[in-house]
Chemist: 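The following block contains the structure, expressed as structure tokens.
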Amino acid sequence: MRKIEQESPARQKPDGAGSRREKPEIPAEFQAEPIEKLDQAALTRILEEPGSEPAQVFRKAIACKRLAVIGTKESVPALAALLGEDRVSDYARDALESIPDPAADAALREALPRLKGLLLIGAINSIRRRRDANAIEPLGELIQGADVAAAGAAALAVGEISGPVAARMLLRALDTAGKAVRADVAAGALLCADRMMSEDREGALSMLEVLSRPGIPGNVRIPAMHLQVTAAASLSRPRTLPDTK
Amino acid sequence: MKTAGAVAAPLIVPCSVLGQRAGVVAPSDKVAIAGIGIGSRGLASVNTVLRFEDARFVAVCDLKKGRRELVKKLVDERYETGDCRMYSYHEEVLARPDIDAVLIATPEFWHAPLSVQAACAGKDVFCEKPCSMTIQESRALADAFRRTGRIYQAGTQRRNGPNFVWAVEAARTGKLGKLETVHANVGTYIMWPPVPSKDWLPAEPEPPREEFDWDRWLGPCPWRPYNSFYVSGGGGWTNWYDFHGGGILEWGSHTVDLCQWAADCDETQAIEYVPKGANGAPYQVHCLYPNGVKLVMRDGNNLGKRLPDDGWLGMGSCSVRFEGDSGWVETGDGGKIAVSDDLRGDSPERLSDRLVLDNHWRDFIYCIKTRSQPRANADRACNSHITCHAAYIAFELGRKLTWDPAKQEFVNDAEANRMRSRAVRKPWAI
């Protein structure tokens, strides 16, 4: 048991912090401040620099972090070009997820056919975060594809995008997708139904009825029954809160 | 414990009917708990669970072999068995149908993704704080637990600390008159300044994966080179942007949470954020709740510098102060309670309880059994964390921000809105 006692200000530490050794010095090549001060054009040029050593990854990482806050569609091509670079792709995704322009959606969709493995899953997850309804069709093809991990990620993305088109696709995929993907398809359908509740209550309840049937994995079936009961009892707060990106 | 799911009413059969001795809990009625990421903080919770008759700690999951073995030894000695199973990766724990709940005590960047994964796998969750890295994660967390009907208890144990509860009740029951201002100590010297660094430490050779899996430790965070400082204990991952939500969240997840409770704002978030101060100066963020109550987030001791006298006593770690139009109360981790003159006869001088963590865990176990909501449930944690995240964004941008709780967005501030979320490293998602 942790003993909670009053501490003098000089001894205050974050919870769980024991003794900590002295922090190593930050090398010049890993200092963010000089890069953070650059404008968008200069940051975008950094993305085009060659090299994948840690120092180059760091420059691109900080440029992406800054572009996540100030970047516009002008930076999208350079960011999209990094989606295939393992160590940098997540930083590029961070910026692409934040840029409000539809060019970022298009770049992520267009990247799907050329990416594989984890890089493909990263792009799918960014589409999921942006809830790009134009991506439902290519994601549907991935759900039926041979890459099980990508298919599962695509099913969850379609569920998060939600809406009647997504609902039809996921309900169909419950019967047609490979066995290894079925649990993710069901989880995606649950997400979809939950999101639909505030806009299409009947559609959502109908989906939940399907997800409550025997044969649906328990970790989806029980929540589906739970959502049905709470919806029927008007206990469910409608999900009206929009996305943060 | 066999849970029947959120929709089924529990069937309660007194143990005497089954011929059991009073006070003895049948194995099937014990809540089976596994721990994920058990460092010094997690061990406190493990020791608490080991004292409960109606719970059983059944498995430990940690990337560090030494920690796995340490916890297994502790558990097996307590139960006088060799049953505690060890895992390196949490997927194996979540796949076990006989585990009812998980304790998540990893570094905080894992908290929300793991909690959501656990809920989706049908587990109830006790998660240490801070519970999320961003506003988006906070919402995803609350949505996942509402959707799945699982039980979530944030590790904000002061919600079950008697001195804090007394102070909150004083505020909520009118003892202070009309509540006007609540103060939250969000400052720790180790977190100064509250904006975490985006720098990297120099690269060191990675240890062999069987000893320590750096890639898995990074989990949802973007790649950076290994440095043992991050992982060698003492919270070395804190104050790095990719690993940490910022100094405001470190104690704000406790104290802002208490302030929201006191201000009757558990169901919402502050709507206005005005940062005060800068590096090297006392910092505060002045906030406003929709019901008109003001929230002052402040450094605990003003960094040794004097501020205009606003009454703040600074009663140690995680202190809070609630002010109404006819009285005030202030308390902190030491258990001492300071009140305005008119409340002196009505207030205990100190309410300390060394079993605060036990109380918090008991609340969680009770709610697992009854499928009711614990004091630090996902909705409340979400709302208080969003207030902290929004304050951090205001502090980093250095300008006043207005927040719309209904739309979950900052009003007329595109830059701030783009700071509400971060990408999660593949293949993780939330």
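By convention in this document, chain letters (A, B, ...) are assigned in the order of the sequence lines, proteins followed by strands, and residues within each chain are numbered from 1.
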Chemist: Tell me if a side-chain donor or acceptor on A/Asn219 pairs with a main-chain N or O of B/Gly122 at a distance below 3.5 Å.
Modeler: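 No: the side chain of A/Asn219 does not pair with the backbone of B/Gly122.
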Chemist: Does any heavy atom of chain A fall under 4.5 Å from the side chain of B/Pro225, the backbone, both, or neither of them?
Modeler: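 It is the side chain, since no backbone atom gets that close.
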Chemist: Is it the side chain or the backbone of A/Leu190 that comes within 4.5 Å of chain B heavy atoms, both, or neither?
Modeler: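 Looking at A/Leu190, backbone and side chain both touch chain B.
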Chemist: Could you look at A/Arg66 and say if it's the side chain, the backbone, both or neither that has a heavy atom under 4.5 Å from chain B?
Modeler: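 The answer is the side chain of A/Arg66.
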Chemist: Taking all non-hydrogen atoms of both residues, which atom of A/Lys23 and which atom of B/Phe229 are closest, and how far apart?
Modeler: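 That would be CA-CE1, 3.6 Å.
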Chemist: With a 4.5 angstrom heavy-atom cut-off, is it the side chain or the backbone of B/Glu204 that approaches chain A, or both, or neither?
Modeler: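 The side chain, not the backbone.
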Chemist: Can you tell which part of B/Trp428 gets under 4.5 Å to a heavy atom of chain A, answering side chain, backbone, both or neither?
Modeler: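 Interface part for B/Trp428: backbone (N, CA, C, O).
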Chemist: Compare every heavy atom of A/Asp90 with every heavy atom of B/Lys426, then report the nearest pair and how far apart it is.
Modeler: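 Looks like NZ-OD2, 2.7 Å.
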Chemist: Taking all heavy atoms of B/Gly149 and all of A/His226, pick out the closest pair and write down the distance.
Modeler: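 Shortest heavy-atom separation between B/Gly149 and A/His226 comes out as CA-NE2, 3.4 Å.
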Chemist: Please state whether the side chain, the backbone, both or neither of A/Ile62 comes within less than 4.5 Å of a heavy atom of chain B.
Modeler: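 The side chain, not the backbone.
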Chemist: Please state whether the side chain, the backbone, both or neither of A/Gln228 comes within less than 4.5 Å of a heavy atom of chain B.
Modeler: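 Neither part, no heavy atoms under 4.5 Å.
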Chemist: Between A/Ala61 and chain B, with a heavy-atom cut-off of 4.5 Å, which part of the residue counts as in contact: side chain, backbone, both or neither?
Modeler: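 Looking at A/Ala61, just its side chain touches chain B.
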Chemist: Considering only heavy atoms, which portion of A/Ile99 lies under 4.5 Å from any heavy atom of chain B: side chain, backbone, both, or neither?
Modeler: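 Both parts, backbone and side chain.
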Chemist: Name the region of B/Ser138, side chain, backbone, both or neither, that has any atom closer than 4.5 Å to a heavy atom of chain A.
Modeler: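 The answer is neither part of B/Ser138.
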Chemist: Less than 4.5 Å to any heavy atom of chain B: does that hold for the side chain of A/Leu96, its backbone, both, or neither?
Modeler: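 For A/Leu96, neither part sits under 4.5 Å from chain B.
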Chemist: Measuring heavy-atom distances to chain B, does A/Ile35 have an atom under 4.5 Å in its side chain, in its backbone, in both, or in neither?
Modeler: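 For A/Ile35, neither part sits under 4.5 Å from chain B.
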Chemist: Taking side chain as everything from C-beta outward and backbone as N, CA, C, O, which of these in B/Val424 sits under 4.5 Å from a heavy atom of chain A? Side chain, backbone, both or neither.
Modeler: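 When you check distances to chain A, atoms from both the backbone and side chain of B/Val424 fall under 4.5 Å.
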Chemist: Are the charged groups of B/Asp242 and A/Lys65 less than 4.0 angstrom apart, N to O?
Modeler: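 Looking at A/Lys65 together with B/Asp242, the answer is yes, because their closest N to O distance falls below 4.0 Å.
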Chemist: Check whether B/Leu50 gets within reach of chain A through its side chain, its backbone, both or neither, counting any heavy atom under 4.5 Å.
Modeler: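 No part of B/Leu50 comes within 4.5 Å of chain A.
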Chemist: Can we say A/Asp94 and B/Arg418 salt-bridge, meaning some charged N sits less than 4.0 Å from an Asp/Glu carboxylate O?
Modeler: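 So A/Asp94 does not pair with B/Arg418 through a salt bridge.
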Chemist: Is there a donor-acceptor pair under 3.5 Å between the side chain of B/Arg425 and the backbone N or O of A/Tyr91?
Modeler: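 No, B/Arg425 side chain to A/Tyr91 backbone: no donor-acceptor pair under 3.5 Å.
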